[in-house]
Amino acid sequence: MVDHPQPLGGNEMPRFAGPGTFMRLPGTTRPENLDVAIVGIPFDLGTSLRPGARFGPRGIRSESVLIRPYNMATRAAPFDSLRIDDVGDIATNPYDKNDSIARIEQHYRELLSHGVTPIGLGGDHTVVLPVLRAIAEVHGPVGLVHIDAHTDINDTMFGEAIAHGTPFRRAVDEGLLDGPRVAQIGVRATGYAADDFDWSRRQGFRVVQAEECWHRSLTPLMVEIREQLGAGPVYISMDIDGLDPAYAPGTGTPEIGGLTTPQALEIIRGCAGLDIVGCDLVEVAPAYDTTGTTALTAANLVYEMLCVLPGVHRRDKSVLTDDT
Ligand code: MN
Ligand code: MN
């Protein structure tokens, strides 16, 4: 543990100061020494309404300063078990969507060549496509836990095959997903036709509409999701707009009637035990986030992702119950 990178503590440097990395980790450009790499993907050329997710990585890192290393609820201590660090941002091309997508894919290939588990800070949801391309090269088609207000399975948007509303359609086209091991949770609101959700169902995805989540704990749902996803590799992709705009207003395409913050915690914590090979948290747009709540929530959910990665030990686990 001693030589694992650790977040800078609030008694060593005030939390309003120090490094601008995620959780004030040391930061590194050498992923070969890591188990987990936190990487910023500052890209929003795929947005359809309000842009600004290019500032997401910076906003999430900024609001991550208060997060402490030990999870009081689950007793997970990710920095005890794994070498986790912030490897900075991918140099996207602000003038070229497709070049940016190629750069993201190449950067992920490089990260994955060192055997690290990548945790991406978006960026709009387009970025999951090049990420899944690189992931599938290593792991084959993966299972997916996708939290979102939208299924993101449009064929094209404004004639474009690559946009933030199309990544999972492309991922199916390219054989990157294991359809029966995909769950889309929190989808809702208005569409163009029933097919906006039913196309997913025809691929074998489990689609959990937000209405099925209202007024209840999602811990029982996650028991079913773990059973559905089984033992193979799993990717977690969380679009912050899966949460209700009351909890996460700072995003490009908000929809009412969404998940609560405790439900988002239940979903991520309910992924413990799955063979998670990568995660992302996308669509945080700080310009609409006047209180910082969205980025604060996003930062904590990224921390919760770290807490459920394979190999993370829990301190004092004799007192744990299975579902915490
Ligand atoms: Mn999305
Ligand atoms: Mn969305």
Side-chain angles (χ1 to χ4, degrees), residues 41-54 56-57 59-60 97 100-101 104 120-133 144-158 160-172 176-177 182-192 196-197 199-200 203 205-211 213 235-261 263-264 267-268 278-289 294-295 297-298 301-302 305:
I41 317 174
F43 171 89
D44 62 12
L45 297 178
T47 53
S48 53
L49 182 59
R50 308 193 298 201
R54 65 178 64 183
I60 293 168
K97 179 188 67 174
S100 293
I101 295 304
I104 294 164
L121 312 177
D124 76 50
H125 220 156
T126 317
V127 305
V128 76
L129 177 63
V131 168
L132 287 173
R133 285 172 174 164
L144 174 71
V145 177
H146 170 208
I147 303 100
D148 204 320
H150 315 96
T151 49
D152 293 348
I153 53 78
N154 292 286
D155 190 16
T156 60
M157 296 178 80
F158 229 80
E160 296 287 321
I162 293 180
H164 78 153
T166 68
F168 299 109
R169 170 75 68 124
R170 292 291 87 74
V172 168
L176 312 178
L177 295 175
V182 173
Q184 299 187 296
I185 304 171
V187 299
R188 60 187 186 271
T190 49
Y192 290 103
D196 291 3
F197 295 170
W199 185 90
S200 288
Q203 314 314 309
F205 298 3
R206 176 160 184 191
V207 179
V208 182
Q209 296 186 217
E211 289 78 3
C213 304
Y235 187 83
I236 301 175
S237 188
M238 174 165 266
D239 183 331
I240 200 66
D241 73 26
L243 274 71
D244 191 86
Y247 301 96
T251 194
T253 46
E255 308 282 1
I256 66 165
L259 304 177
T260 66
T261 300
Q263 286 176 324
I267 293 170
I268 301 299
C279 308
D280 65 53
L281 190 308
V282 298
E283 297 282 359
V284 172
Y288 318 105
D289 193 24
T294 312
T297 303
L301 292 173
V302 169
M305 290 169 178

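Counting starts at 1 for both ligands and their atoms, following the listed order.
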Angle class for the Phe168/His146 ring planes (parallel below 30°, perpendicular above 60°, tilted otherwise)?
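Phe168 and His146: tilted rings.
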
Distance-only, no hydrogens or angles: does the Asp44 side chain make a donor-acceptor pair with backbone N or O of Pro51 under 3.5 Å?
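No; judged by distance alone, with no hydrogens or angles, the pair does not exist.
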
Side-chain (Thr151) to main-chain (Asp196) donor-acceptor, under 3.5 angstrom
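Checking the backbone N and O of Asp196 against the side chain of Thr151, a donor-acceptor pair under 3.5 Å is found.
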
Could you give the distance from CD1 (Ile268) to CE (Met305), rounded to the nearest 0.5 Å?
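Spacing of CD1 (Ile268) from CE (Met305) equals 4.0 Å.
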
Is there a side-chain contact between Val282 and Asp124, using heavy atoms and a 4.5 Å cut-off?
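No. Closest side-chain heavy atoms not under 4.5 Å.
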
Return all protein N, O or S atoms below 2.8 Å from the Mn ion (ligand 1), chain by chain in residue order.
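His125 ND1, Asp148 OD2, Asp152 OD2, Asp239 OD2, with waters left out.
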
Kindly write out the residues that satisfy side-chain hydrogen bond (donor to acceptor under 3.5 Å, both in side chains) with Gln203, not counting sequence neighbours, or none if the list is empty.
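Counting only residues at least two positions away or on another chain, Gln203 forms no side-chain hydrogen bond (donor to acceptor under 3.5 Å, both in side chains).
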
